Amino acid sequence: MPNRLADETSPYLLQHKDNPVDWYPWGPEALERARAEDRPILLSVGYSACHWCHVMEHESFEDPQTAALMNEHFVNIKVDREERPDIDSIYMAAVQGMTGHGGWPMTVFLTPDGAPFYGGTYYPPEPRHGMPSFTQVLAALADAWSTRRGEVDRSADEIRASLQRTVPRGAAGALSGSVLDRATHHLATRFDARWGGFGGAPKFPQPMTMEMLLRHWKRTGGPEALQMAAHTLRRMHAGGMYDHVGGGFARYSVDAHWLVPHFEKMLYDNALLAQAYVHAFQATGDPEFRQVVEETLGFVLREMTGPEGGFYSALDADSDGEEGKFYVWTPEEIDAAAGAEDGALARLYFGVTEAGNFEGRNILHTPRDPVEVAADAGIGVHELMEAVGRARPKLYDARAKRVWPGRDDKVLTSWNAMMLHAFSDAARVFDRADYREVAERGADFLLRALRPEGVLLRSYKDGRARIGAFLEDYALLADALVSLYETTFDPRWLREARALGEEMLERFWEDGQGIFFDTARDAEPLLVRPRDLYDSATPSGNSAATLALLRLAGLTGEERFRAVAERVLASFADQLARFPGAFSHLVTALDRYLAVPQEVAIVGRPGEEDTEALLRVVRRAYLPNTAVALRRPEEGDEVAELIPLLQGRTAVDGKATAYVCERFACQRPVTTPEDLAWQLGVDA
């Protein structure tokens with residue numbers, strides 16, 4: 001019989017609905033039972049694309065004897081970390097404090113009031129490599145609960161106090177551009193000049209670090225930051241972490257040269273990487289970067305987009321019981337799919353060998369320059385790339401006949417916002433109307449399905465939206481809608497972004513703190529009210545909120561948005577100065593805060609050539625700190641009330657006209673792309 005998880009929407013929880021474990025979702029029923037029966041809680045946290053989560057489920061949670069031990073002694077709660085980042089962050093901090101490391105699956109034992117007293121990550125079914133078996137842990141903790149309760153309670157009290165002490169409080173400090181320089185210098189000391197990236201294995205893509213480097217280059221003109229970013233982006237694309245058949249990136253590389261990925265594909269990685277490659281294209285004009293964006297967004301449209309316009313969360317690393325099986329090839333499989341002639345050239349191009357590079361099979365990568373490959377084949381580069389271009393769709397079709405990895409088809413607001421942002425940026429820079437339509441449809445879906453009755457929610461699946469939104473959801477959606485406004489110039493999106501910004505201040509900001517909370521004022525009380533400071537795979541809520549407020553202030557002129565952003569930056573000033581690498585997204589917000597605010601107001605009709613000529617100047621250039629607004633000649637004062645920059649702006653001699661301004665004080669209006677480029681200091 002299915003357990004209580006059968007009524008949930010999370011694919012991760014649904015994976016466990018047929019376990020013999022008496023699982024509960026997190027909620028009042030489980031917590032009240034633990035209190036009523038004075039039982040300890042076994043909290044298991046993971047996510048659907050987590051390989052070791054699958055392993056522990058198969059080894060332990062599907063085992064009737066292990067399940068019986070769990071059911072006899074514990075109230076068992078299963079949590080999807082992607083749906084409940086608040087619970088995950090609290091108990092991950094506890095596990096890291098207890099063990100010195102963390103990860104998923106996370107296994108934590110709690111008192112009935114939610115205080116952790118023991119925890120770890122994956123436990124094997126038998127003792128292994130110095131680790132106890134999971135059943136040994138269960139038996140020992142059940143015994144401690146019944147025979148040494150005082151020790152357990154003291155341990156829980158100590159950990160609770162430690163968690164409460166580590167809740168950060170803002171202390172204002174001075175803000176300086178030296179933080180930006182120090183961050184880049186720190187990265188330069190760790191830069192891998194051969195393979196790109198920073199440090200050794202495993203290597204993570206770090207798209208927010210790429211954004212920080214691009215901004216440093218723009219601010220200083222020094223080439224080193226741009227070279228580090230561009231080289232890293234090219235090496236990542238060449239490696240096996242990139243899917244050369246279907247597009248998109250895996251989570252990370254287990255080695256230092258981007259070859260062998262951890263094969264899961266996460267929506268947030270591909271969203272942030274697509275943004276970074278768009279901006280790198282603006283900075284360099286390198287067509288390789290555009291290719292990566294278009295292939296990555298193509299993957300998202302084919303495999304990660306739902307019929308209502310939302311984006312799914314992840315593709316699993318495993319298929320048919322093996323990690324990476326879906327993605328790897330033998331030479332014979334390539335020849336069978338592409339044909340002998342094109343297959344031979346594709347094998348040469350993608351570094352395929354009989355021995356393979358992954359458990360006897362081949363992860364496709366591009367280890368050599370196409371000029372060198374073509375020379376070895378005795379053909380021209382154009383002929384080589386044509387053959388590879390013919391082979392790719394055939395390889396995709398052949399691969400599509402394999403057993404597919406599992407897909408997590410829930411829609412998360414913050415992750416969708418990041419992908420919406422990527423489509424908006426790509427639509428604007430590449431003049432892709434299809435991307436613009438995807439972004440508008442996605443934004444409309446989020447505001448309709450995940451904001452019923454005006455209250456933003458976190459997760460959506462099968463027609464059900466649930467769980468109150470967190471700070472990151474509000475912040476990243478507001479930021480994405482600002483970008484969508486600058487792509488479409490539809491005031492609706494900016495009005496929605498402003499409303500989200502105001503709600504964010506109302507629900508997550510406390511004036512006396514100087515830092516945002518991750519959970520809303522009216523959210524479920526937990527052991528502590530979490531505030532995640534550090535940027536990791538995604539921006540922290542505080543970083544995302546700061547940048548969103550600065551962008552909103554630049555268009556709306558709302559001084560409170562800028563003042564709160566300044567408070568957050570000041571509260572982080574000391575940590576930014578000492579540990580800039582832990583705050584890459586917040587460093588980009590600081591870069592925007594310290595920059596002289598530049599605004600471009602355009603009067604004209606989108607779609608008409610004179611207006612589009614002016615817009616192309618702004619959109620093709622890398623101008624990360626420039627706000628852009630447009631007023632159609634027929635629009636009244638309402639749009640100028642929303643965007644003060646547009647107040648009093650008129651067309652000159654009936655032509656599309658641009659005003660370049662700083663702090664809303666503008667230079668003379670111009671009507672030609674050459675004059676606009678000169679005022680902006682960019683190429684026409």
Side-chain angles (χ1 to χ4, degrees), residues 168 170-199 203-235 272 275-277 279-280 282-284 514-515 533-536 539-540 542-551 553-554 562 565-598 621-627 662-663 680-682:
L175 298 170
S176 165
S178 64
V179 171
L180 309 176
D181 298 330
R182 192 176 299 114
T184 301
H185 175 73
H186 171 72
L187 290 170
T189 64
R190 301 176 56 243
F191 180 61
D192 183 340
R194 181 180 182 189
W195 296 107
F198 305 91
K203 264 189 181 165
F204 290 82
Q206 299 184 40
M208 290 178 287
T209 298
M210 301 301 106
E211 301 277 14
M212 188 173 70
L213 289 171
L214 291 173
R215 283 173 172 268
H216 185 272
W217 164 75
K218 182 66 178 178
R219 182 174 62 88
T220 66
E224 182 184 24
L226 180 60
Q227 290 167 355
M228 285 192 289
H231 182 62
T232 298
L233 292 170
R234 292 187 184 106
R235 298 304 305 191
L272 293 174
Q275 291 176 49
Y277 277 93
H279 302 154
Q282 287 179 299
T284 66
I515 297 175
L533 301 188
Y534 304 106
D535 297 317
S536 52
S540 74
N542 271 277
S543 297
T546 303
L547 187 56
L549 290 174
L550 289 171
R551 295 190 70 199
R562 182 172 175 83
E566 182 179 28
R567 285 278 307 281
V568 176
L569 288 167
S571 296
F572 279 90
D574 180 58
Q575 293 192 67
L576 277 172
R578 289 188 294 152
F579 313 111
F583 302 98
S584 51
H585 197 68
L586 194 62
V587 169
T588 67
L590 177 61
D591 176 73
R592 188 176 188 99
Y593 170 79
L594 293 174
V596 175
Q598 186 179 62
Y622 180 61
L623 299 167
N625 295 320
T626 299
E662 292 181 1
R663 297 186 177 91
L680 292 171
V682 300

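Since we're looking at a predicted model, the values are computed, not measured.
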Compare every heavy atom of [Y] with every heavy atom of [X], then report the nearest pair and how far apart it is.
X	Y	value
Ile515	Leu533	CG2-CD2, 4.0 Å
Ala589	Thr546	CB-CG2, 3.9 Å
Pro580	Val587	O-CG2, 3.9 Å
Ala544	Pro539	CB-CB, 4.2 Å
Asp535	Leu586	OD2-N, 3.2 Å
Val179	Ala577	CG2-CA, 4.1 Å

Heavy atoms, side chains only, cut-off 4.5 Å: are [X] and [Y] in contact?
X	Y	value
Asp192	Arg235	no
Pro624	Lys218	yes
Leu272	Pro205	no
Asn542	Phe572	yes
His231	Phe191	yes
Pro207	Gln275	no

Quick note, side chain to side chain donor-acceptor pair (under 3.5 Å) partners involving residues 174-183, not counting sequence neighbours, are Ser176-Ser178, Asp181-His216, Asp181-Arg219
Residue pairs passing the side chain to side chain donor-acceptor pair (under 3.5 Å) test with at least one member in residues 578-595, sequence neighbours excluded, are Arg215-Asp591, Glu566-Tyr593, Asp574-Arg578, Asp591-Asn625
Those residues at least two apart in sequence (or on a different chain) that pass side chain to side chain contact (heavy atoms under 4.5 Å, CB included) with Ala283 are Leu214, Trp217, Leu226, Tyr622
ask   = Are the side chain of Gln282 and the backbone of Ala621 linked by a donor-acceptor contact shorter than 3.5 Å?
value = yes
- Task: Using atom types as modelled and distance alone, determine if a side-chain donor or acceptor of Thr232 lies under 3.5 Å from a backbone N or O of Gly197.
- Result: yes
In Å, rounded to the nearest 0.5 Å, how long is the span from [atom1] of [X] to [atom2] of [Y]?
X	Y	atom1	atom2	value
Arg234	Thr284	CZ	OG1	6.0 Å
Leu549	Arg562	CG	CZ	11.5 Å
Leu213	Leu180	CG	CG	11.5 Å

Can you confirm whether Glu224 is buried at CD, in the sense that more than 12 heavy atoms of other residues, nucleotides or ligands lie under 6.0 Å from that atom?
no
Check the orientation of Tyr534 and Phe583. Use parallel for under 30°, tilted for 30 to 60°, and perpendicular for over 60°.
tilted
